[in-house]
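Basis for what follows: all heavy atoms, side chains included, without hydrogens, waters or symmetry-related copies. Letters go in sequence order (proteins before strands), and every chain restarts at 1.
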Number of protein chains: 2
Amino acid sequence: MKGYLWTGGPGSPASEAPPADGRLAPWEAIAVDAVGNVIEFWGFKRNQGRVWALLYLRGEPLTAGEIERELDLSKGGVSMLLRDLERWGVIQRVRLPQDTVWRYGAENDLVRMVTHVIEEREAGFVARIRADLAEARRLAETQSGLPPDRLQRLEKMATLAEHVERALRLFIKTSRLDVSGVLSVFRDEATGARRGSK
Amino acid sequence: MKGYLWTGGPGSPASEAPPADGRLAPWEAIAVDAVGNVIEFWGFKRNQGRVWALLYLRGEPLTAGEIERELDLSKGGVSMLLRDLERWGVIQRVRLPQDTVWRYGAENDLVRMVTHVIEEREAGFVARIRADLAEARRLAETQSGLPPDRLQRLEKMATLAEHVERALRLFIKTSRLDVSGVLSVFRDEATGARRGSK
DNA sequence: GGTGCAGTTCAAGCGGTCTTGAACTATATG
DNA sequence: CATATAGTTCAAGACCGCTTGAACTGCACC
């Protein structure tokens, strides 16, 4: 079959396109870094994005060692990155039959990951802010000689916070909707073409 | 830092008017920090949010020195923070008649600031990503022995990026719309009540 | 059992950002 | 002009999260 059994020695030569040992092809490097930047922009680690991008572009599962070499990361780092990504469900750990090592393949729901984690962050975070503002209001109300316009402003602040929160929720919802179209495009190829030989 | 949970119970000995020299009233500290956290969450400096919140809550313009004392910041830091905020149009520098010092008052368009800066960031950033992916595609196409499914995945990546971008734009637009309602509520009070009541 | 490789964990180091504090400029006042 | 206070600038350092590299576990094969 394909190059699934990589069980060669240390110097096992790459079968086809990618150098497999050293560094990526230039175009891969660019694309991988682009995704890394995006993902960092969204508050994740740059290398989490790079790993996902590499796995996605390659289309077939890679081992931790390969990722380590291709992206020039440390062993420990790769281990942690993979664990994060797996926990979020954006990569999948597979053990091929009669193979001893784990391989990792990209899921296509990077978007789900982003919206999911944003949602999560937002949930805890917004709850906290809301609680704080409520607490502030409670305290402020017990104050006796407080000018009423001050309290008013505090209340407006809380209102504003609520609206921003609502906008954020809306965003998550719409972005998910908007993106689901793209995802469907992804999907038909995703699971199929993985071993969709040429 | 300090000024976090304040478990004192009602009837706390806090004076009615803020100490003016020392630290804020507990409820102010909480509200100010809450805003600081939000603003930090959006990628700004925490203290930028705190300064704006203080100015907004107080309703009347404060001097740099007052801000410095109330929020326990350094002189230089306050200067820089104020400049940032002013540049973004979320605070206003005013010189009262027969007064020699500058005072700073909050504008109400914190939201405009957030959306504005997000927009700005997004513009430069997304353009960059887009260019990178285009470049990657260009390079990849010139490669001869490249499996076609790889190129396909790269293209899908670009498509995804575009969709996310579109979603982001939509978010900014809607959030602005959504919030403009709140802003109008803000406005009627904002400029008027500054030194009203009394 | 022993050797070697895959994978995990974590203290220490590195790099980037934010804040500080002191030197500096500007402006008003006697 | 001397002094004092308001405001700005920036190098040094505090701070914080990410990455590294080494020690460790676990597993397979000899």
Side-chain angles (χ1 to χ4, degrees), chain A residues 4-12 21 32-33 36-37 39-52 54-55 61-87 91-105 117 121, chain B residues 1-3 21 33 36-37 39-52 55 61-87 91-105 117 121:
Chain A
Y4 277 157
L5 294 201
W6 236 268
T7 62
S12 176
D21 77 309
V32 158
D33 283 352
N37 290 335
I39 227 59
E40 185 179 30
F41 181 78
W42 284 104
F44 303 89
K45 296 187 200 168
R46 176 184 161 78
N47 281 330
Q48 287 165 350
R50 298 213 313 145
V51 168
W52 178 85
L54 177 67
L55 294 179
L62 301 186
T63 68
E66 285 161 349
I67 296 169
E68 185 187 331
R69 269 170 271 130
E70 297 284 18
L71 299 183
D72 192 30
L73 298 171
S74 68
K75 199 161 127 86
V78 170
S79 173
M80 288 186 296
L81 292 172
L82 287 175
R83 188 141 42 81
D84 294 338
L85 293 174
E86 193 186 2
R87 185 157 31 102
I91 68 172
Q92 218 177 8
R93 178 194 295 235
V94 298
R95 173 109 63 174
L96 301 184
Q98 98 261 34
D99 197 352
T100 162
V101 302
W102 287 109
R103 287 172 185 274
Y104 303 86
V117 181
R121 269 203 302 229
Chain B
M1 264 185 123
K2 49 223 90 186
D21 77 309
D33 283 352
N37 290 335
I39 227 59
E40 184 179 30
F41 182 78
W42 283 106
F44 303 88
K45 297 188 200 167
R46 178 184 159 79
N47 281 330
Q48 288 165 350
R50 298 213 312 145
V51 168
W52 178 86
L55 293 180
L62 303 186
T63 69
E66 284 161 349
I67 296 169
E68 185 185 333
R69 269 169 271 131
E70 298 285 18
L71 299 182
D72 192 30
L73 298 171
S74 69
K75 198 162 129 86
V78 170
S79 173
M80 288 186 297
L81 293 172
L82 287 174
R83 187 139 44 80
D84 294 339
L85 292 174
E86 194 187 0
R87 184 157 32 100
I91 67 173
Q92 218 177 8
R93 177 195 295 236
V94 298
R95 172 111 63 175
L96 300 184
Q98 99 264 18
D99 198 351
T100 163
V101 302
W102 287 108
R103 287 172 183 276
Y104 303 86
V117 181
R121 270 202 302 230

Next item on the list: Under the side-chain hydrogen bond (donor to acceptor under 3.5 Å, both in side chains) rule, collect the residues that match up with D84(B), sequence neighbours excluded.
Entry: Q48(B), R87(B)
Check: Reading nucleotides 6-26 of chain D 5' to 3', which nucleotides get B (base under 4.0 Å from a protein heavy atom), which S (sugar-phosphate only), which -?
Finding: SBBBB-------SSBB-----
Checklist line | Rounded interatomic separation in angstrom, taking CG from D99(A) and C1' from dC29(D) | finding: 14 Å
Check: What do the steps show when you test I91(A) against L82(A) for side-chain contact (heavy atoms from CB on, under 4.5 Å), and what is the final call?
Finding: CA-CA 8 Å; I91(A) 68 172; L82(A) 287 175; 3.5 Å; yes
Checklist line | Pairing residues for S74(A) by the side-chain contact (heavy atoms from CB on, under 4.5 Å) criterion, not counting sequence neighbours | finding: none
Margin query: Going by the rule side-chain hydrogen bond (donor to acceptor under 3.5 Å, both in side chains), which residues pair with E86(B) if we only count those two or more places apart in sequence or in a different chain?
Written below: R93(B)
Checklist line | Partners passing side-chain hydrogen bond (donor to acceptor under 3.5 Å, both in side chains) against N37(A) (at least two apart in sequence or in another chain) | finding: R46(A)
